[in-house]
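Heads up, the thing below is written out as structure tokens.
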Amino acid sequence: MLIHNIGELAVVPPGPLRGAAMRSTTTMADAAVAIEDGRIAWFGPRRVLPQRDWGPALDAEGGTVIPGLIDCHTHIPFVGSRSHEFVRRLAGETYLSIMQSGGGIRVTTEAVRRATQEQLVAESLPRLGRMLASGVTTCECKSGYGLTPEDELKQLRAIRDLCGGQPIELIPTFLGAHALPAEFEGRVEAFIDGISDEALLSTIAGERLARFCDVFCDRGAFDVAQARRVLERGLRHGLRPKLHADELAQIGATRLAGELGAISADHLEHIDDGGIAALAAAGTIAVVLPGTSFFLGIPHADARRMIGAGLAVALATDCNPGSSVIGSLPLIMNIACCQLRMLPVEALAACTANAAAAVGEAHRVGAIGPGFDADLVALDAPSLAEWMYTPGRSRVRTVIKRGRVVWP
Ligand code: NIG
Ligand code: FE
């Protein structure tokens, strides 16, 4: 396939892009991209396109073409709604106080435990369909609403089923230590041991049901020692650590992420200098989730400070039924620009090259280069600036996954 008449090609280099390198994407006017066997075979100015039969042509109509977006932190699959909690928060309660009164993650856990694997798949398909229409071609998906070995496996197997049922490539993460379920109240250590036991981790590794192991390490969730235990056990089964860190309070979670060589530390609203230094030393990707701070009405993570300190910042939706019921990565990029003062070029790097690095796939996706998967999005906007300048307006014209038009 040949994509031609590209008004502006955003040539994102392979991730991770750290600090000022997040602004190193170049733009190429009047460009073309040639695709062979699902990969980018050539890109450049149209006037120097090698003359041969590239197959069917796709006219980008003078719009911008970017690498497919990568949502590197979501809690899909889940079922049910917590809109009643949303209203309680608007009326003055907090996410933490609702969680401590028995609401929050436990409510979704009850719904997920009641649901079958097929129901988890069925409720997730429309969500993924909307993400595809917004330009997402790769998406990380977490378990974490089962909180028993069987129900966690059910969620991970639902992710596996979803891989075959729609075009977005899904990357699974095991988040067994997401919250303490009601039946373990007062017995945290027993829960931690059960959710990270040999049999469960062997099954997950054996069936390749997850690539990463994540823990919610925060006030009201699990402490650093408990998180370390789970993540070290996961590591022994080949699951690289990720961490929900510094979202609600500063308890040292980001330093743990650095110490364990986590692939990413996510949230970071309360990151401190020690945490930033730990991520820099370990090369850990800083995943910022401004949809969550927007949705919860809490201060945003200081992405400018992290970029200034030389970190590779990624952005994601955190799509989940409680703290960020947002499935639109373009909206997240808009919030990052308008509220976190990230530049459009940085927001794009954060949702492509750096998001790819946060899921261990930066050698293959998230960039424009020969040999990279031909995951591309054609926009009806003439430039990145024009795209980010118009929040709330869908400007995705065509989505291509591995060289195939998958939307519309
Ligand atoms: O990333 N912080 C922990 N977990 C999710 C929220 C999950 C939920 O509320 O259902 C998050 O924000
Ligand atoms: Fe999350």
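Nothing fancy with the numbering, it's 1 onward along the sequence. One-based numbering, in listed order, for ligands and for the atoms of each.
Side-chain contact annotation: E152 with S143, donor-acceptor N/O pair under 3.5 Å present. Q117 and Q155 share no donor-acceptor pair across their side chains, judged by distance under 3.5 Å alone. There is no side-chain donor-acceptor pair under 3.5 Å between H244 and D218. Checked by atom type, the side-chain pair S264/K242 shows a donor-acceptor distance below 3.5 Å.
Between the CD1 atom of I171 and the CD1 atom of I70 there is a distance of 7.5 Å, given to the nearest 0.5 Å. Note that CG of L147 and CZ of R106 are 9.5 Å apart. Values are rounded to the nearest 0.5 Å.
Taking 2.8 Å as the threshold, H244 counts as a candidate ligand of the Fe ion (ligand 2), since one of its N, O or S atoms lies below it.
When distances from the Fe ion (ligand 2) to the N, O or S atoms of D318 are compared, OD1 comes out shortest.
Distances from ligand 1 to the non-hydrogen atoms of I105 include at least one value under 4.0 Å. Proximity of M99 to ligand 1 is not established, as no heavy-atom distance is less than 4.0 Å. At least one heavy atom of Y145 sits closer than 4.0 Å to an atom of ligand 1.
Looking only at heavy atoms of the protein, atom 4 (N) of ligand 1 is closest to H178 NE2, 2.8 Å. Looking at atom 12 (O) of ligand 1, its nearest protein heavy atom turns out to be S323 OG, 2.5 Å. Protein heavy atom closest to atom 3 (C) of ligand 1, with residue, atom name and distance, is F216 CE2, 3.2 Å. Scanning all protein heavy atoms for the shortest distance to atom 2 (N) of ligand 1 gives E247 OE1, 2.7 Å.
A tilted orientation is assigned to the rings of F216 and H178, their planes being inclined by 30° to 60°.
Screening R402, R39, K401, R364 for a side chain to side chain donor-acceptor pair (under 3.5 Å) with D375, the sole residue that qualifies is K401. Paired with M131 under the rule side chain to side chain contact (heavy atoms under 4.5 Å, CB included), one option of I76, T137, L329 passes, and it is I76.
Contact atoms of ligand 1 toward Y95: 6 (C), 7 (C), 8 (C), 9 (O) (distance under 4.0 Å to a heavy atom of the residue). Listed by number with element, the atoms of ligand 1 under 4.0 angstrom from any heavy atom of D318 are 1 (O), 11 (C), 12 (O). Below 4.0 Å from some heavy atom of R82 lie the following atoms of ligand 1, by number and element: 8 (C), 9 (O), 10 (O).
Below 3.5 Å of separation, one finds an N or O of H244 facing an N or O of ligand 1. Ligand 1 has an N or O atom lying under 3.5 Å from an N or O atom of H75, backbone or side chain.
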